[in-house]
Undergrad: 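Before I ask anything, here is the structure I am working with.
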Amino acid sequence: PPRLLNTLDASEMLESLLALGGLVLLRDSVEWEGRGLLKALIKKSALCGEQVHVLGCEVSEEEFREGFGADVNNRLVYHDIFRDPLNWSKTGKAFPGGPLGILRAMCRRTGPGPVTVALDSLSWLLLRLPCITLCQTLHALSQPNIYPGDNSQVEQVRVLGLLHEELHGPGPMGALRSLAHTEVTLSGKMGQASASILYRRPQQHATLQTWWFSILPDFSLDLHKESPLQSQPHLDPQTTQVDPTAHLTFNLHLSKKEREARDSLTLPFQFSSEKQQALLYPVPGQKSHIFYEPDAYDVDQEDPDDDLDI
Amino acid sequence: MAAAATCGTGFGSSGSVAAVAGRSGITSFQRRGKAGGTDGGPRLLSIAGTRPSLRNGQLLVSTGLPALDQLLGGGLAVGTVLLIEEDKFNIYSPLLFKYFLAEGVVNGHTLLIASAKENPANILQELPAPLLDYNCKKELGEDVHNPRTPESDDNMKIAWRYQLLPKMEVGPVSSSRFGHYYDTSKKIPQKLLDISKCHEFFLPEKVSSTLAVESCPLSHGYTKLLQFVQNIIYTEGFDGSNPQKKQKNILRIGIQNLGSPLWGDDICCTEDCDSSHRLTRFLYILRGLLRTSLSACIITMPTHLIQNKAITTRVRNLSDIVVGLESFIGSERETNPLFKDFHGLIHIRQIPRLNNLTCDESDVKDLAFKLKRKLFTIERLHLPPDLSDTVSRSSKQDLAESAKLLGPGCGMMAGGEKHLDF
C-alpha cells in the first residue's frame, strides 16, 4: 500500500535531487513542462543559503523571478541572455564570448561553498553551440574543485539543466544523458504530473524512483500518493506457487528417529577413514598399500585349497 | 613474438639427437648455441604475470577477471586490444577497466591510464584490493550462501570420492599466479600503489581549451594520446629499442570512454559526421604501436551512443577482442523471471585469430554476469527450474518465447511453443 506522504517527503525529494551533485537533467516536454520544478529546486537551494547562478535564455528575467520571494531573489545571480542573445546593443553589460563565455567563467569559481547553477535552458544552448563543446564545458562545470585550504574541502556543485526532449535527436540526448548524475523525466497522467528520477551514483547501482507531485504557486512542492488509476497488478490472482514436495508417492520428510537410523546405516562400500584419506590424497613416492578389511561373516574354517586336485 | 622462441628450441633438441645418433667424437652437428640460461632450456620470455597460451604459445596476460580469461582462451594476448562495449548506464564497464589495471599493479606491470572524464589519479586510488591466498576463502565464504556449498567431509558418506572434484563455478584457486581475485568493496592498499609505476593522461589538462567557438578541438585529443603512448613505449623500451638493463616488463594501457563527446569526437552526437574516420584511424595506429611492443590495451567505449552503425562495425573490426555488456537496469528484462539471478548479459562478440587459423571460441554463447557484494562473476545463463504446474498457459508461453532468445547451450527446459504435459 502506498505510504502517506506529507510535506516532509517533498523536501526529501528535492534534497535527493540536489544531494548527488554533478549534472541534473530535467527532461520535459510541451505537455509536462519542467520550469516549475526547476524553480522549486532553485528556491530550495537558495533557502539553504547557497549561491545560485541562473543563465536565463528562454524567458525574460522578470518572468523568471516572478513567484520568488525577496529572500530567494536576493540570492540569485542572474545572467540574462534572453534580452540580447547576439549582443546587438553593444552595451557595457554584454558578456565576451556569449553564453559559452559565461559558462566558462562560472567554471572559475572563487571560494568554497556549495554552488548551484541553473541553465534555462540546455536546449537553447544545445541548438546554438556544438554538442561537443557544450558537453566538455558542462563536464568541466560540474566537476567539484578541490580548494587546498586548511580543510581542503571539496565543494558541492550542481548544474541543473532544463532539456526539452522533443527538440533533440537521440545523439545529443544520449550524449547529455551519459554525462548526467541524475535524470528527471517529467510525464504524467490524467492531469497529474509525475517525475521519474534515475539516480546514477558513480560506481554504484542505478536506482529509479517515481514521484507524483504538483507545484504550488510559491514554488514549493506537494507530493501525492500514486494516482488511484494505476495499472493493474501484473500477477494473476491464481499464480500461487505449488509445493512440489506435496502429494508424492514416496516420503520426503523424515522423522528424527528415521534420520538417525539412516545415518547409522553401514554402506556396502564403506571404507575405513584411513583408506578414504589415502585414496583422496595420494602421497606420491610411497608404494601402494593394500587395505584388507575382512567382512564380519567371512570367517571360513575350511582350507580353500581342499578343492584342488593336487 | 613468443611463438618464434618456442620454434627455436625444436631445432636445438633435434640437433642434439642427431649428434648422438652419429659417430661419437667429432661430428658436424653442433647443438645450437645455448639459448638463454645455463640450463639450456627453452628461451621464453619470463615476465611476471604472463604465461604462454596452451594452444599456440602466444604470450598472455590476465584481464584481472579469471572467468573472463577462461572465456577468451586463457587471457589477453600481449600486443592486442580488448574493447569493452559499455553498458547503458556505465556501471559495470568501469569495473572491468579497474580489474585490468589492478592486475597490472599486483603483477608489477607499468600502467598508462588515459581518460577524458575522470582524473587518472582518482581512478588509481579506486582500484579494488586483491584477495590474497590465505584470506580469500574466508572473505568469500560469507558471500556464498547458496545451498550448493560443498558439505564437509563427514557428510559426504556415499559420494566421498567427489569431494575433491572442482565445482562448476570458478572459485578462487589458491595457488594461481596468473589471474587474481579482487574485492570490490575495498580499495587497493597504498603500499601497492607506491611501488607501481603509472603514466597518466587526463585530456582536459593536455589540451588547452580555446575560447573561440568555431574551432572546436575535434580529436586533437586522439593525436596527443597517440604521441603520449608512443613516447612512453619508446623511452621505457617496451619495443626493445632501448635495451633495458632491468627485467622486461609489460605496459598495460587503459583508455576510458573513448569516442564520447568529452574526447572531442562527435560520433555519439550526430549520425553523419564527416570526421568519423578519426576514431578508426586512432585505433589502427594504436594497434600498430601495440603489435610492436610488449603491451596490452583495454578500451571502454560507449557504443550504444554511436549513431552510425557502420562506425561501430568498423571499430569492432579494428579491435582484437570485443566484449559487450548489457545490463538489465531500466529495461523490461529486469522483472523477467528468467533473469532474476543476474545483473546483465555479457556478449563475447569477437575473438582474434593470432598466428592461427582458428580461434578459441567457447561453446557457451549465453553468458550472464552478476555483481555480488564483493565479486564480479560470469556464469552460464541457466533457466530457473519450472516448478509450478498450475500456471496458466499464457504465462508459460511468455517463458517459452523468451527462452527462444537463448542459445541451445542453455537447456531446453521451457523451449518450444507447445508445452508438453505428461
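Order of the sequence lines sets the chain letters (A, B, ...), proteins ahead of strands, with each chain counted from 1.
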Undergrad: Which heavy-atom pair separates B:C269 from A:P172 by the least distance, and what is that distance?
TA: O-CD, 3.2 Å

Undergrad: With chain B as the partner chain, list the residues of residues 162-171 of chain A whose heavy atoms fall under 4.5 Å from it, by residue number, and write 'none' if nothing qualifies.
TA: A:P170, A:G171

Undergrad: What's the spacing between B:K88 NZ and A:R177 CZ if we round to 0.5 Å?
TA: 5.5 Å

Undergrad: Let me confirm one number: the SG-CG distance from B:C268 to A:L176, rounded to the nearest 0.5 Å.
TA: 11.5 Å

Undergrad: Where is the tightest heavy-atom contact between A:Q143 and B:K117, given as atom of each residue plus distance?
TA: NE2-O, 3.9 Å

Undergrad: Pick one of side chain, backbone, both or neither for A:L198, based on which atoms fall under 4.5 Å of a heavy atom in chain B.
TA: side chain

Undergrad: Got a sec: does the NZ of A:K256 have more than 12 other heavy atoms crowding it under 6.0 Å?
TA: no

Undergrad: A:I132 and B:D265: which non-hydrogen atoms are nearest, and at how many Å?
TA: CD1-C, 3.7 Å

Undergrad: Applying the side chain to side chain contact (heavy atoms under 4.5 Å, CB included) test to A:S178, which of B:L262, B:N90, B:L305 qualifies?
TA: B:L305

